[in-house]
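This report refers to the structure that appears directly beneath it.
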Amino acid sequence: MNENYLNELNPVQRSAVMQTDGPVMIIAGAGSGKTRVLTYRIAHLLNHGVSAFSILALTFTNKAAREMKERIHHIVGSTESANLWMGTFHSVFARILRFEAEKLGYPSNFTIYDTDDSKSLIKTILNEMGLDDKIYKPSLVLNRISGAKNNLISAQQYLSMREITEEDRLSGKPKLGLVYQAYETRCFKASAMDFDDLLFKTNVLFKNYPEVLYKYQDKFRFIMVDEYQDTNFSQYLIVKKLAARHLNICVVGDDAQSIYAFRGANIQNILNFERDYPELKMFKLEQNYRSTKTIVEAANAVISKNKAQLRKVVWTDNNPGERIKVMLTASDNEEGAMVANQIFEQRMQNQMPYKDFAVLYRTNAQSRALEESLRKRSIPYRIYGGLSFYKRKEIKDLLAYFRLTINPNDEEALKRVINYPARGIGKTTLEKIIVAADEKGVSIWNLISALQEYDVVKGAAVRKIVDFVNMIRSFRHNLESTDAFVLAMNIAKSSGLLKELNADKTPEGISRYENIQALLNGIQEFVETKPESEDEVQERTLDVYVRDIALLTDADEDDEKDAEKVSLMTIHAAKGLEFKSVFVVGLEENLFPSQLSLNSVEELEEERRLFYVAITRAEKHLVLSHAETRYRWGQITHAEPSRFIQEIDQSLLEYNEPPAKKGFLDFSDDFDSYAGFKKRPAASAFQAKAEQSGSYTRRGTSESPATAAAQKKEISNFIPDNLNNLQSGMEVIHEKFGKGKVLQIDGRNSERKATVFFQEVGQKQLLLKFAKLKIIG
DNA sequence: CTGTCCTCACTTTTT
DNA sequence: GTGAGGACAG
């Protein structure tokens, strides 16, 4: 047997790979070859005669699973890897739930509600219960329900738990438990499960049907869980139960990279693991192969500020590399320009392809300014996350028709399309139907497909509803006999959706039409490909295609054609990835760390771990940037540098100059001034180069960016008295730009800005609250 | 019942 | 700056 692959591992990695029996915990620092260990471990099992069907590997994304399968396939050189049970918790247990659905009273083709569906259903329920959705904010209600489910608290239990109901009463939402109960009932009636149900119901299944649990315990002789630090209680319990028979359970995680506590992940699970399996073997992967010494040291310094952590020492043999650059820009737009400029330069200097670059941010909303700047410089990029393809309105509309065809009880799908394209079934009619269905205890579909029996709708609407029902019925009739593509195309046409979209010739309308085409093409592709594994369903029907689409995310898409692009994503989405050059942008108080995290130490520590994850994505080059002003909720806001920057040892950093030279609203295409850096406190080669090129001028004062920002803040909320009377035509003098003439005044109060033509530097826009203008005539 | 215009709330992070 | 939802007119 060829076991050469074992030589590619360091001693600890090798021991972890070869320790296949019994409980194993692998604490894997960032960049320590965790994925390598996991894949080799599975390959090792396969090489030793273990059947792929008896290995369960739970990963964090579908993409990670797919990549791992490929690598395993490469090592073992057989197609056996396709038979591994490998995927996210959600997709693996959705699959099991479909097998066992009838035990829970669900059909096997149940719908998976995504977050939008859930919220929409909650809104409907609030409406029916006469509750104010300003108090019972749907997203909040859903969070609460989700939290309950992740801790395995059913609606019934929720209502009977004193503490919880008391909590809700105190927060002014005493009916929350009832909403949860109604939500659960409605999901069941719609034959739908939400994301949390996939885990919750799996637990119910295993608890109420010991023989089913036994079956899967027997099947999965070897279980592996990646990113264990991000599992919640519900997931923890599933794993614990499944592993109870063979005890061959291996979890891999890094407490320093736990960033999903907000959705119920529990670092406690790592500690529980030690408690549950006292005889466990523990391996610590501490050598970092990914990043330069500088980056590793910076990351260690940051994470050491956290109180809650497991002891481990991440170290590296790699070169020190260059210092981490800290960039201050005047605005978010300039930050984008700086990033674009830096990418351009680094690429030229180091011969790096675009795919080596990533720009990471805290919130999706930050991507806009970055996109614009990259576009201006013609730098190709790809955005991960944000509005995924499957979340676009037109795609959701067509998918809703598919969903309704497969499962007509799907209430959310029905509400979405019953009057789209418009067919004269209005709001009043729909509301009547929904209320009546709820009263009679039947699904909406049951009611409208037997409309004569229920006397709720009169007049012209009856005919229209009957037509709609007949249309859906005709789709259903072809569900099993027709392949997915033919049926999908038929639905797109007969529903009128294609026609509706085609009629819209605006650029957005054309794009929507193209998206529909893309979806249909995807379905055709699906029909033409053979299923990979032996126990996968063989039919290529629409039912199979739509099955787990709610579980797909952007990150799961194949991106061969996107190979030569810069990646833009949230830090959360960057988890598990690595890039030669990384930009972490928006390092400002109230943004990163988020202002919502400042209430508790726990949340702040999670933000810090998030920063740790961001830093450790970088192999060679790392730039941290922050801006003095930033557009947020449509307004310019002032920003101070993030505390996280100060937590890095200053000797590892290299600062650029504060942006003193330019006006705050000057987004000119002159990128040159960003090329220069100044190291602090000592001079560097970088500085010499910058000074040579004369690309920046030193300010008279030697204040740090932080104090400069603080001073700015003091004056940020009012406009100096002498400028209140500023009018167009006046002559002014500016400390940097010299003499100029006011052309125009816009905005009001603190947002007032002047367009000024300066003799020396041309036209500039200046915010009056910042610009120190003197009126001279 | 449909379409348009206006207001307002929104920004964590994701399966 | 944006998207969803409400008010109002046709």
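The analysis underlying the following values was restricted to heavy atoms, covering all of them including side chains, and did not include hydrogens, waters or symmetry mates. Convention: sequence-line order gives letters A, B, ...; per-chain numbering from 1. The structure presented is a predicted model; accordingly, all values stated were derived computationally and were not measured.
Checked against dT12(B), dT11(B), dT15(B), the side chain of R632(A) finds its nearest nucleotide in dT11(B). Proximity note for A573(A) (side chain, C-beta onward) versus dC1(B), dT14(B), dT12(B): the nearest is dT14(B). The side chain of R263(A) lies closest to dT14(B) when the candidates are dT2(B), dT14(B), dT12(B). Minimum atom distance to the side chain of K137(A) is reached by dC10(B), of the listed dT15(B), dC10(B), dT12(B). For K123(A), the side-chain atoms get nearest to dG5(C) when compared with the rest of dT15(B), dG5(C), dT12(B).
Nucleotides dA4(C) and dT13(B) are separated by 22 Å at their C1' atoms, to the nearest Å.
Look at Y260(A) and the base of dT13(B); the rings do not stack under the cut-offs of 5.5 Å between centres and 30° between planes.
Summarising the geometry, the separation between CD1 on I571(A) and C1' on dT14(B) is reported as 14 Å, rounded to the nearest angstrom. Atom P of nucleotide dG3(B) and atom OH of Y420(A) are separated by 11 Å, given to the nearest angstrom. Residue H572(A) contributes atom NE2, which lies 15 Å from atom P of dT11(B) at whole-angstrom precision. Protein atom CG of L360(A) is 12 Å distant from nucleotide atom P of dT14(B), rounded to whole Å. Distance CG (L551(A)) to C1' (dT15(B)): 7 Å, rounded to an integer number of Å. Between the P atom of dT2(B) and the CD1 atom of I418(A) lies a distance of 12 Å, rounded to the nearest Å. Following rounding to the nearest Å, E431(A) (CD) and dG6(C) (C1') show an atom-to-atom distance of 13 Å. E606(A) has its CD atom 12 Å from the C1' atom of dT14(B), to the nearest Å.
In terms of phosphate contacts, N590(A) brings no side-chain nitrogen or oxygen within less than 4.0 Å of OP1 or OP2 of dT12(B). Proximity of N364(A) to the phosphate of dT14(B): a side-chain N or O atom is located under 4.0 Å from OP1 or OP2. One finds a side-chain N or O of T429(A) lying less than 4.0 angstrom from the OP1 or OP2 phosphate oxygen of dC1(B). An OP1 or OP2 oxygen of dC1(B) is reached within less than 4.0 angstrom by a side-chain nitrogen or oxygen of T428(A). Contact check, S594(A) against dT11(B): no side-chain N or O comes under 4.0 Å of OP1 or OP2.
In this structure, D196(A) reaches neither bases nor backbone, as no heavy-atom distance under 4.0 Å exists between it and the strands shown.
Because its NZ or CZ atom is both nearer than 6.0 Å to the ring centre of Y420(A) and within 45° of the ring axis, K393(A) counts as a cation-pi partner of that residue.
Summary of the strand contacts: R368(A) and K427(A) both lie near DNA chain C, and taking for each the nucleotide with the nearest heavy atom, the more 5' one is attributed to R368(A). If you find the closest nucleotide of DNA chain C to W633(A) and to D133(A), the one lying nearer the 5' end belongs to W633(A). With the nearest nucleotide of DNA chain B identified for both H90(A) and A422(A), A422(A) has the one nearer the 5' end. Positionally, the nearest nucleotide of DNA chain B for G424(A) lies more toward the 5' end than for the other of G424(A) and A365(A).
In this structure, the side chain of K137(A) does not engage the main chain of I135(A) through any donor-acceptor pair within 3.5 Å.
The side chain to side chain donor-acceptor pair (under 3.5 Å) test with D116(A) singles out one residue from K391(A), R416(A), K396(A), and that residue is K396(A).
A heavy-atom distance below 4.5 Å is found between the side chains of L591(A) and R632(A).
Across every non-hydrogen atom of F89(A) and T231(A), the tightest pair is CE1-CG2, 3.8 Å. When every heavy atom of Y384(A) is checked against every heavy atom of S567(A), the shortest pair comes out as CE1-OG, 3.6 Å.
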